[in-house]
Student: 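Please see the structure below; I have some questions.
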Amino acid sequence: MYTQIGAQHGRPPRPAGGFGRPFTGGAKSPRMFRAFRAEVADALTAGLETLDLPTGDLGIEEPPGDVAATLASSVAFRLAEELGSPPPAAAEELADAIDPDPYDYIRAVTTQGPYVNFQTSHAYLQETVEAAQADDYGQLANRDESVVVEHTSANPTGPVHVGRARNPILGDAVANVLDTAGYDVERHYYVNDAGRQMAVFTWAYEKFDESDLAGEPARDRAEYDLVRYYRRGNDFLETADDEAVETAEAEISAILQGLEAGDEATYERVGEVVDTVLGGMQDCLARLPAEFDEFVKETRFMRDGSTDEVADRLKNSDHAVYEEEAWQLELDEYDYEKNLVFLRSDGTSLYTTRDLAHHEWKFDNFDRAVTVLGEDHKLQAGQLQATLDILGNDPDRLDSVIYSYVNLPEGKMSTREGTGVMLDDLLDEAIDRAREEVEDRLGDRVRDDDLDDEDIERIAHQVGIGAVRYDIVAKQPSKGITFEWDRALDFEAQSAPYVQYVHARCCGILDEADSDPDVDSVDVTTLPTPEDGELIDVLARYPAVIEAAADDLQPHRVATYTRELAEAFNAFYRSCPVLDADEATRRSRLALVAATRHTVANALGVLGVEAPDSM
RNA sequence: GGGCACAUAGCUCAGUCUGGACAGAGCGUCGGACUUCUAAUCCGACGGCCGCGGGUUCAAAUCCCGUUGUGCCCGCCA
């Protein structure tokens, strides 16, 4: 029995130790920073034991930028009392008790006031640059653990608007980060094809003709065409006279009953509308690109009997009550005041009932499940998790990533009302603005690389779509976003182009070099400047960033990291000549540039942002 | 009415879970740097009751309590 998961208060459901099992490393896995961190923990523990002091809280942290250390400990604050000496003296005593010699990656242990600082060794820097020569630097070892990431899952009622766009962008990044962290990931889109909305849509599509509709489709694609029927149908239900509405409702109800009864002809009628609209939406999402391994239809769990089976098991549970002719579940043990109805008084299932069958199916086929949901589904997600627990599942196998909606300054976006900015329009506009930028800069290009029209178009796509994605994925999902054109299309620093530009610069230098760097040519003793060192330090942290982002299901951390890496590279670029350096330094710096290129490309890849070879 | 989230520089955001080094960036404003591996870059200046009030602690943007404002949810809808 769990208590924290599913509660309406407190943090979103998440296993205590972060996502998944602790990572144990692996032969192929780059370990530099994480190994260093482990050594620091070990050294601190040993030092404290030597002094007969408690080792429960090591206080390991990353020091501020101007401190010449990669990790530090604030444990001296807590030793002061124990030792009867002020924190700086305690720090001194502890540092003296630590012998860095046995450790591969600890060069020195120093103190600065009350802090014990740990500096990295030559081997740490050397191995970092070597490890980052791999194209897939940052890819962690396979964990033999499968995860299904469900995201987007928008009802197939019409074009994807910006209010929903956070879901595929976030979801794709979550899936990427788990993939990079060594999980076997599948991406699913759950298609709600059994609800009232689709019944209304099917009825409207059959009832109305082209001539009944308001105007031309906004775009030449299926979902823009068909959404006009959906809107017409809803409008009819709101404005027609009572008798006509009653007739319509009977037809809509017949469609729902047909689905419930397993009527093949009804499935086909609804399926035609669903598949057509969904096909168009897929074309839109592919532009991001967000692609799926499987589109899982809700009706599947009605047809295979699993929804009925779930309902039967719930009826037999201790939490079930039959009130007001409907089967309900008491969830007060899980801090939910109201009962959850799982069978209507007419015996038919509800969305949640089908979703329970869906999630048990996920548990049958995957080790873990992650769902990316808008905040309006948070309550339902908690109830789902509680009910999965009642059904005897381990609810910790399911995690939710919740994001706040993107709203317009004037309010919500709605497919039915026809309000909102379409994702297609946003992407078009972003590409157009990026193209203008590229063309504007064409005149004063220092680099003589003759961009042709095809290059310009490629860069415009990479930068335009990249900027939109980055803008969304870089923010914490819990923060609300109000959509404004100028803000969404701001290509200034701290956005995708800033990071992409670093990749293009790396490519430019490597092109110019005419020889590929190789692992054997790296010698970090030929990289003496603080800028060299700082860049290597940032590169070394990348695998740890992936690990943390995967554990906490927070891809925005990877975005924060890309900015830190870009800053470190730009500082390096400013003060460290590569091609004109002496031979040994040139070889090492070329390797460092290649390392940066791989890291930037891979980190952007996790975010779903392309890395241009030139800009 | 109840629950959940959000609030950090004029604007957009990191940092909050796991309390520690003077609260960091970018945009905007002002001032600088391209005969140089790409200036979509870099350097400098200005700019902060970390919503507000209490509490815990050697130490609070971070933890606890209260409060205000905003968003979301509380259906035999999805």
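Residue numbers begin at 1 in each chain, while the letters A, B, ... track the order of the sequences. Treat the numbers as computed from the prediction; the structure is a model and nothing was measured.
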Student: Give A/V502 one of three labels, base, sugar-phosphate or nothing, depending on what nucleic acid heavy atoms sit under 4.0 Å from its own.
Tutor: nothing
Student: So what does A/D66 hit on the nucleic acid, given a heavy-atom distance under 4.0 Å: a base, only sugar-phosphate, or nothing?
Tutor: base
Student: Show, in sequence, the C-alpha distance, side-chain angles and deciding distance for A/E567 and A/R563, and conclude whether the salt bridge (Lys or Arg N to Asp or Glu O under 4.0 Å) test is met.
Tutor: CA-CA 6 Å; A/E567 275 163 30; A/R563 277 198 292 270; 5.9 Å; no
Student: In terms of side-chain heavy atoms of A/E437, which of B/A21, B/A40, B/A78 is nearest?
Tutor: B/A40
Student: Among B/C58, B/A39, B/A5, find the nucleotide with the atom closest to the side chain of A/Y573.
Tutor: B/A39
Student: On a whole-Å scale, what distance lies between the P atoms belonging to B/G54 and B/C73?
Tutor: 35 Å
Student: Check every strand shown and say whether A/E61 touches a base, only sugar-phosphate, or nothing at a heavy-atom separation below 4.0 Å.
Tutor: base
Student: Would you mind reading off the distance between A/H377 atom NE2 and B/A5 atom C1', rounded to a whole angstrom?
Tutor: 16 Å
Student: Heavy atoms under 4.0 Å, any strand shown: does A/Y405 hit a base, just sugar-phosphate, or nothing?
Tutor: nothing
Student: For the P atoms, the ones on B/U56 and on B/A45, what distance do you get once it is rounded to whole angstrom?
Tutor: 39 Å
Student: Considering every strand and a 4.0 Å limit on heavy-atom distances, what is the contact class for A/S614: base, sugar-phosphate, or nothing?
Tutor: base
Student: Pick base, sugar-phosphate or nothing for A/L579, based on heavy-atom distances below 4.0 Å to the nucleic acid.
Tutor: base
Student: B/C42 phosphate, OP1 or OP2: any side-chain N/O from A/N570 under 4.0 angstrom?
Tutor: yes
Student: Between B/U12 and B/G47, how far apart are the C1' atoms? Round to whole Å, please.
Tutor: 15 Å
Student: With A/N192, which residues qualify under side chain to side chain donor-acceptor pair (under 3.5 Å), at least two apart?
Tutor: none
Student: With sequence neighbours left out, write down each residue that passes ring-ring contact (aromatic ring centres under 6.0 Å, His included) with A/Y190, or none if nothing qualifies.
Tutor: A/H358
Student: Indicate whether any N or O donor in one side chain lies under 3.5 Å from an N or O acceptor in the other, for A/T526 and A/S588.
Tutor: yes
Student: Nearest-Å distance, CD (A/Q500) to P (B/A40)?
Tutor: 14 Å
Student: Quick one: label A/G195 by what it contacts on the DNA or RNA (base, sugar-phosphate, nothing), any heavy atom closer than 4.0 Å.
Tutor: sugar-phosphate
Student: Please state the C1' separation for the pair B/C22 and B/G66 - nearest whole angstrom.
Tutor: 31 Å
Student: Does A/R196 place a side-chain N or O at less than 4.0 Å from the phosphate oxygens OP1/OP2 of B/A78?
Tutor: no
Student: Work out how far the P atom of B/G55 is from that of B/C42, and round it to whole angstrom.
Tutor: 44 Å
Student: Calculate the interatomic distance between A/R416 atom CZ and B/A78 atom P; express it in whole Å.
Tutor: 14 Å
Student: So, A/Y470 versus A/T562: side-chain donor-acceptor pair below 3.5 Å or not?
Tutor: yes
Student: Find every protein N or O atom lying less than 3.5 Å from an N or O atom of nucleotides 61-70 of chain B, and list the pairs.
Tutor:
none

Student: Hey, is the side chain of A/D355 pairing donor to acceptor with the base of B/A78 inside 3.5 Å?
Tutor: no
Student: Taking atom C1' in both B/A59 and B/C43, compute the distance separating them and give it to the nearest angstrom.
Tutor: 35 Å
Student: Name the residue closer to the 5' end of RNA chain B, choosing between A/E81 and A/S73 according to the nucleotide with the nearest heavy atom.
Tutor: A/S73
Student: So which protein nitrogen or oxygen atoms get under 3.5 Å of nucleotides 12-15 of chain B's nitrogens or oxygens?
Tutor:
unit_1, atom_1, unit_2, atom_2, d
B/A14, OP1, A/Q476, N, 2.7
B/A14, OP2, A/K479, NZ, 3.2
B/G15, OP1, A/H556, NE2, 3.0
B/G15, OP2, A/Q476, NE2, 2.3

Student: Under 4.0 Å between a side-chain N or O of A/R574 and OP1 or OP2 of B/A33?
Tutor: no
Student: Could you tell me which residues satisfy side chain to side chain donor-acceptor pair (under 3.5 Å) with A/D613, sequence neighbours excluded, listed by chain and number?
Tutor: none
Student: Is A/C507 touching bases, backbone alone, or none of the nucleic acid, heavy atoms closer than 4.0 Å?
Tutor: nothing
Student: From CG of A/L71 over to P of B/U18, roughly how many Å is that when rounded to an integer?
Tutor: 19 Å
Student: List the residues meeting side chain to side chain donor-acceptor pair (under 3.5 Å) with A/D532, not counting sequence neighbours, and say none if there are none.
Tutor: A/T529, A/R589
Student: What nucleic acid atoms does A/S345 come within less than 4.0 Å of, heavy atoms only: base, sugar-phosphate, or nothing?
Tutor: base
Student: Tell me the interatomic distance from A/F342, atom CZ, to B/G75, atom P, rounded to whole angstroms.
Tutor: 18 Å
Student: Only Watson-Crick and G-U wobble pairs with both distances less than 3.5 Å should count. Give RNA chain B in dot-bracket notation, marking inter-strand partners with |.
Tutor: (((((((..((((......[...)))).(((((.......))))).....(((((..]....))))))))))))....
Student: Both A/R78 and A/D376 contact RNA chain B. Taking the nearest nucleotide for each, which residue is further toward the 5' end?
Tutor: A/R78
Student: If you check every side-chain atom of A/D552, which of B/A5, B/U18, B/A78 has the closest atom?
Tutor: B/U18
Student: Cut-off 3.5 Å, side chains only: do A/N407 and A/T482 have a donor facing an acceptor?
Tutor: no
Student: Would you indicate what A/V593 reaches in the nucleic acid, counting non-hydrogen atoms under 4.0 angstrom: base, sugar-phosphate, or nothing?
Tutor: nothing
Student: Can you check the distance between B/U62 and B/A21, where both ends of the measurement are the P atom (answer in whole Å)?
Tutor: 13 Å
Student: Taking atom P in both B/A23 and B/C52, compute the distance separating them and give it to the nearest angstrom.
Tutor: 16 Å
Student: Would you indicate what A/A72 reaches in the nucleic acid, counting non-hydrogen atoms under 4.0 angstrom: base, sugar-phosphate, or nothing?
Tutor: base
Student: If the condition is ring-ring contact (aromatic ring centres under 6.0 Å, His included), which residues does A/F572 pass it with, not counting sequence neighbours?
Tutor: A/F569
Student: So A/V578, base contact, sugar-phosphate only, or nothing? Heavy-atom distance under 4.0 Å.
Tutor: base
Student: To the nearest Å, give me how far apart CD1 (A/I60) and P (B/G19) are.
Tutor: 13 Å
Student: Does B/C42 have its OP1 or OP2 closer than 4.0 Å to a side-chain nitrogen or oxygen of A/Y498?
Tutor: yes
Student: Classify the nucleic acid contact of A/Q197 as base, sugar-phosphate or nothing, counting any heavy atom under 4.0 Å across all strands shown.
Tutor: sugar-phosphate
Student: Give a yes or no on whether a salt bridge exists between A/E437 and A/R441, defined as a side-chain N under 4.0 angstrom from a carboxylate O.
Tutor: yes
Student: Distance only, no hydrogens: is a donor on one side chain within 3.5 Å (strictly under) of an acceptor on the other, for A/Q197 and A/Y230?
Tutor: yes
Student: Holding to side chain to side chain donor-acceptor pair (under 3.5 Å), I want the full list of residues that pass it with A/D376, two or more places apart in sequence or in another chain.
Tutor: none
Student: From the options B/C76, B/C37, B/C73, select the nucleotide whose nearest atom is closest to the side chain of A/I509.
Tutor: B/C37
Student: Quick test of your reading: applying salt bridge (charged side-chain N to carboxylate O under 4.0 Å, His left out), list the pairs with at least one residue in residues 496-506 of chain A, sequence neighbours left out, ordered by first then second residue.
Tutor: none
Student: Examine B/C72: is either OP1 or OP2 under 4.0 Å from a nitrogen or oxygen in the side chain of A/Y403? Give yes or no.
Tutor: no
Student: Who are the salt bridge (charged side-chain N to carboxylate O under 4.0 Å, His left out) partners of A/E564, not counting sequence neighbours?
Tutor: A/R541
Student: My understanding is that only residues two or more places apart in sequence, or in another chain, count here; which of them pass ring-ring contact (aromatic ring centres under 6.0 Å, His included) with A/F77?
Tutor: A/Y115
